[in-house]
There are 2 protein chains.
Amino acid sequence: MVDKKKDTTTEAKILDAARKVFIAKGMAGARMQDIADEAGINKAMLHYYFRSKDQLFETIFKESVGNLIPRVKALLNADLPLFTKIEMFADNYISMAMQNPYIPMFVMNEVNRQPQAFIKKMFGNDPPDLSKLVEQIEQEVKKKNIVPISPVQLVMNLMSLCVFPFLGKPILSMVIGLDELQFKNIMEQRKKAVPEFIIASIKK
Amino acid sequence: MVDKKKDTTTEAKILDAARKVFIAKGMAGARMQDIADEAGINKAMLHYYFRSKDQLFETIFKESVGNLIPRVKALLNADLPLFTKIEMFADNYISMAMQNPYIPMFVMNEVNRQPQAFIKKMFGNDPPDLSKLVEQIEQEVKKKNIVPISPVQLVMNLMSLCVFPFLGKPILSMVIGLDELQFKNIMEQRKKAVPEFIIASIKK
DNA sequence: ATTTAATTTAACCAATTGGTTAACAAAAAT
DNA sequence: ATTTTTGTTAACCAATTGGTTAAATTAAAT
């Protein structure tokens, strides 16, 4: 253990607390005092380390999405077969979301709140480029490896099948009647089930 | 025209404004003053007609979901072929969401906020019962009309494919690059495309 | 016409919220 | 050792928020 104290730093405590509160309650619902309490420190420290609520929020937000973006971008333009990309996206995304099940809702929510600001914060200068993937899909259609399908619909389907279960978890758990463990198992299955489902639908 | 003035009633103006503001900003983000301004009336009227913010919110919330619930319940237990149910669900849900594209996010969001209270508000005494649909799916599997698939996964897939595009609209519009009209067209296509996609995947 | 009830308003209130400040303590640098 | 910087706190502040009230206006009932 090189540096055991690192994650009990005041700054780290603030970030942990802020992550928890912001993700649970969103930007508008979160209170600076809640975060301070959760971190077990004085509220003034929040402003000492991060100037304002906005800035603290932005830190958490970037952190939440920041991990995923580069991986998605890499995958999009990777030189891999279409089916492999589908399999990898599902596995990657679902694995990530299982570790942080509330991030998808948190992100989706804040993107909805201010779609403008989001683009900048998230992607900075270069937004993800789907053109290569789209072309790849069109190629597969042309080669008659898959049925004719609009690339947009296919991408939408893939994202839907991977992301929605985490957004709708409370509703799904309720309607279908799942406890925490069952949900986890279903999601574990889904890493394989989603690509299989998609491929079964489009493969010729 | 029996009663032309009905929708310019103060109460109606409040409801219209509240719907707009709550759906746009969520419970925590919405301000009573915003709603009053939007309705062009004095803030005190909000409390005169609806005792509190909570109560006004609940009115809007119930109204937002209330329309859908009975239709879903009816469909679940209807005496119709599985494929027909899938087709009808997709068409019904997507049509509804196209008319009120922000409701799905609004509802999902508030369900996440307090899943407990939601059940009561939403379903009252009798929550939706999936058992008939589940049995139906199992039957189709047994009869080898469809490939072996977990009913839970299938239901999750159907909901994902219908609901997610509206939750992720800003992200999708951004990533894929869609304007309002294109999005609308894609969703219109989807009423048929989703059932086709599912059925192609599971039909034997 | 006059009383009564329903609506609407402006002014006000207490509580909460994000944020600041000045004093104080602990480390680091000298 | 002592100055200086960094970290921390309690008290405070102005603005905002949901909510109230008493007076004024309008509509309904008598």
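Letters go in sequence order (proteins before strands), and every chain restarts at 1.
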Distance in angstrom units between A:Ile14 CD1 and C:dG18 C1', rounded: 15 Å
side-chain N/O A:Arg31 vs C:dG18 OP1/OP2, d < 4.0 Å: yes
Rounded distance (Å) that lies between atom P of C:dG19 and atom CZ of A:Phe57: 14 Å
Sugar-phosphate, base or nothing in reach of A:Ala30, heavy atoms under 4.0 Å: sugar-phosphate
Gap between atoms NZ and C1', on A:Lys13 and D:dG7 respectively (whole Å): 12 Å
Donor + acceptor pair across side chains of B:Asn157, A:Arg190 (<3.5 Å): yes
Row check, B:Phe83 ring normal vs B:Lys203 NZ/CZ: under 6.0 Å, within 45°: no
Integer-rounded Å distance: C:dT17 C1' and A:Gln33 CD: 10 Å
Spacing between A:Leu46 atom CG and D:dG7 atom C1', to the nearest angstrom: 14 Å
Between P of C:dT20 and CZ of A:Arg51, the distance in whole Å: 7 Å
Between C1' of C:dT17 and CD1 of A:Ile35, the distance in whole Å: 12 Å
Non-hydrogen side-chain atoms of B:Val155 and A:Val175 separated by less than 4.5 Å: no
Whole-Å distance separating the CG atom of B:Asp54 from the P atom of D:dG18: 10 Å
Geometric cation-pi criterion, B:Arg31 with B:Phe22: 6.0 Å, 45°: no
B:Glu135 side chain vs B:Lys132 backbone, donor-acceptor pair below 3.5 Å: no
Validation row: B:Phe164, B:Met159 side chains within 4.5 angstrom (heavy atoms): no
Per-nucleotide protein contact string for nucleotides 8-15 of chain D (B base, S sugar-phosphate only, - none; heavy atom under 4.0 Å): BBB-----
